[in-house]
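Only one structure is covered here, and it is reproduced in the block below.
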Amino acid sequence: MPSRFLHEYFSVVILSAFVSVLLSVWCVYIDPIVNNDGIQYFRVAQRLIDGEWQQAVAIHHWPFYSMLIAATSKVTGLSIELSAHAVNAGLFVLLVVGFIAAVAELGGDRRVVVLAALVILLLPGLNKYRSFVIRDTGYLASYLWSLVFLFRYWKKPEGKSIVAWAACSIAAFLFRIEGAAFLLFMPAVILGRRFSNSALYRLAILVALLLLGIVLFAVFSLWTLSSELGADQAKVFSHPIASLGMAWERITAELWFKLHALRQEFLGEFSGKYAYAVFLFTLITIVVVEVLRKLLLVYGILGVHAYWRELAFPEQALRPLWLALVMVNLLIVSLFTLTKLFLAGRYTLGLVITILLAAPFSIAYFYSSWREPHQRARTVYRWTFPVLAVVLLAVGIKGLDRFTDKRYLKAAGRWVAAHSAPGEKFYSNNRAVIYYSGKPAFRDGAKYDWAETMKTVWSGDWKRYDYIAVQVSGDRPDQEQRLLSKLGMRPIQTFENRKGDRVVLFKTRGGT
């Protein structure tokens, strides 16, 4: 952590770190059920502790996050689950302080820095994931600290700043593959810094963005082929050109299928020519909606206002760099949406946080207009800050009300753990139930969905198991009826939440 920043804003940093830890503890308390990704990381961490490195990588091909969890468990003696939450809490502290430090490097004074701390601590789109065991927190924390040193280098080129930037960027890459984008793009920006006022530099940035888009599309395509379509990872990366061609064929086939369905089923004979436009508009809508969901419309408006009114940033030389970072993050989420045809909200957080860096400057402006009103200032500006404060506090506090409704999954798993013999076989279509049962019942490559469960039931494969725990949706009461009818037995236990979602547990005569 830069000593100058820490010395100047010591009280803000310490208080923000303390509040961040409290928020993490609170979020885990109200949502203690491990998410599916977290269960996978736990399995990898346990294999790493047992020295089974090859098996660990086979479970998940990006093991750095799990290595941190395993190392924490080994050093502290804590369970893997508690170690994961400890690692996450620490990463969130780094993320929060990194955001504050980045705003300070952008020219924020003490008032802006304090507001930045409040903004990042109360951001609902971020706090939603405090109880999740996911790699994204480490990626975002590393990314923000890479920006701190990049901004510092931009103002005063020094070797130590660029080395620190490179270290943080590599750390971001170790958490998520998206970090490769900044390792590829930012050197071109840094090398061209001396020509920042020339048309040649702007052309170089456009060419770099184009090349980056091509490289990222190739990377995402190969990743999709190995991670999502089940291709052997060793073969994919040993024959990258052939694999890229195969990935492109699969992606274009999926795109063609969706365009064909859109043309035939939705637009019809006379409007089919608009299929490409509708498809493009759909992709844009997905990106915009998911970004605004995590950023919140009010923060988006504040960011635009800060840039438009030249409030962001007092360090004017950093404005083009900030825009370039926004463009790179937008390119990442756009290409991900194109190759995957969906966009999870948490994948937009890099873009969201980059835009959010401008918001504290706008809030500080409205605060000044309210606290020290100028005679000629418009009345609406004088009262914007109180309204903003109420809205942002209300939304932030509301975002901390995330009590889980999944405790019934843990109860079902714990029941199996308490009532089954060590050698008895167990089947479930829910990974959380399997995890809390302690049974070696994970099925690599399984989808754990309803279709797969019914295939197991109809084929009679369920008879191999001693216990069967099936999660059924409260919105689909027919699922349980179909299950009971086919199995021909009644459940010995049922676990249910307030929404009517249930886990029905059967004791069979199987296990042979």
Side-chain angles (χ1 to χ4, degrees), residues 27-28 30-43 59-60 80-81 84 128-129 131-134 228 342 344-346 402-421 424-511:
C27 290
V28 173
I30 64 175
D31 183 15
I33 307 304
V34 181
N35 55 300
N36 287 336
D37 286 350
I39 293 170
Q40 189 176 36
Y41 300 136
F42 291 171
R43 294 177 63 202
I59 295 173
H60 193 270
I80 288 178
E81 186 171 346
K128 174 182 178 180
Y129 299 108
S131 63
F132 283 45
V133 179
I134 50 177
E228 303 297 322
F342 83 95
R346 59 191 172 97
R402 297 189 178 276
F403 284 90
T404 186
D405 209 16
K406 298 180 180 179
R407 287 181 171 84
Y408 73 107
L409 300 175
K410 185 174 183 178
R414 292 300 191 204
W415 191 96
V416 173
H419 293 83
S420 63
E424 290 185 307
K425 297 179 182 179
F426 178 54
Y427 174 91
S428 179
N429 65 339
N430 185 276
R431 279 166 279 199
V433 174
I434 296 174
Y435 170 72
Y436 288 112
S437 74
K439 293 287 186 180
F442 290 105
R443 306 180 301 280
D444 292 333
K447 294 183 177 180
Y448 298 94
D449 59 8
W450 180 250
E452 185 181 68
T453 300
M454 290 310 297
K455 182 179 178 180
T456 301
V457 170
W458 280 92
S459 67
D461 196 39
W462 62 273
K463 296 177 183 178
R464 298 191 300 109
Y465 300 97
D466 298 285
Y467 287 90
I468 299 174
V470 179
Q471 181 194 28
V472 294
S473 171
D475 298 327
R476 293 288 307 276
D478 60 297
Q479 290 183 339
E480 185 175 351
Q481 294 304 317
R482 289 167 58 193
L483 185 65
L484 294 177
S485 174
K486 186 59 182 175
L487 292 178
M489 64 178 79
R490 306 300 299 177
I492 58 173
Q493 289 287 334
T494 300
F495 303 87
E496 186 174 2
N497 67 7
R498 292 174 298 175
K499 298 178 181 178
D501 301 326
R502 297 152 67 89
V503 171
V504 285
L505 184 63
F506 301 89
K507 177 70 172 76
T508 76
R509 295 185 298 273

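Basis for what follows: all heavy atoms, side chains included, without hydrogens, waters or symmetry-related copies.
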Would you say the side chains of Gln493 and Tyr467 form a donor-acceptor pair under 3.5 Å?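 No, because no side-chain N or O of Gln493 sits under 3.5 Å from a partner of the opposite role on Tyr467.
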How close do [X] and [Y] get, heavy atom to heavy atom, and via which atoms?
| X | Y | answer |
| --- | --- | --- |
| Ser131 | Cys27 | CB-O, 3.4 Å |
| Ala432 | Asn36 | N-OD1, 4.3 Å |
| Ile434 | Ala441 | CD1-O, 3.6 Å |
| Lys406 | Ile33 | O-CG1, 3.5 Å |
| Gly500 | Arg502 | O-CG, 3.3 Å |
| Tyr448 | Asn430 | CD2-N, 4.4 Å |

Is a donor on one side and an acceptor on the other found under 3.5 Å between the side chain of [X] and the backbone of [Y]?
| X | Y | result |
| --- | --- | --- |
| Asn429 | Asp449 | no |
| Thr456 | Trp462 | no |
| Asn497 | Asp405 | yes |
| Asn35 | Val133 | yes |
| Glu452 | Lys447 | yes |

With rounding to the nearest 0.5 angstrom, report the [atom1] to [atom2] distance, [X] to [Y].
| X | Y | atom1 | atom2 | value |
| --- | --- | --- | --- | --- |
| Tyr465 | Glu424 | OH | CD | 14.5 Å |
| Gln479 | Thr453 | CD | OG1 | 9.0 Å |
| Lys486 | Leu484 | NZ | CG | 13.5 Å |
| Arg498 | Tyr408 | CZ | OH | 12.0 Å |
| Ser459 | Met454 | OG | CE | 10.5 Å |

Any side-chain heavy-atom pair of [X] and [Y] under 4.5 Å:
| X | Y | answer |
| --- | --- | --- |
| Lys463 | Thr508 | no |
| Arg443 | Tyr427 | yes |
| Asp444 | Arg43 | yes |
| Asp31 | Phe132 | yes |
| Val433 | Phe495 | no |
| Val470 | Trp450 | yes |
| Arg482 | Arg476 | yes |
| Pro32 | Arg407 | yes |

Can Ile59 and Phe442 be said to form a side chain to side chain contact (heavy atoms under 4.5 Å, CB included), step by step? CA-CA 11 Å; Ile59 295 173; Phe442 290 105; over 6 Å; no
Going by the angle between their ring planes, with limits at 30° and 60°, are His419 and Trp415 parallel, tilted or perpendicular?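 Rings of His419 and Trp415: parallel, under 30°.
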Any ion pair linking Asp466 and Lys439 (charged N to carboxylate O, less than 4.0 Å)?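 Not counted as a salt bridge, because no side-chain N and carboxylate O are separated by less than 4.0 Å.
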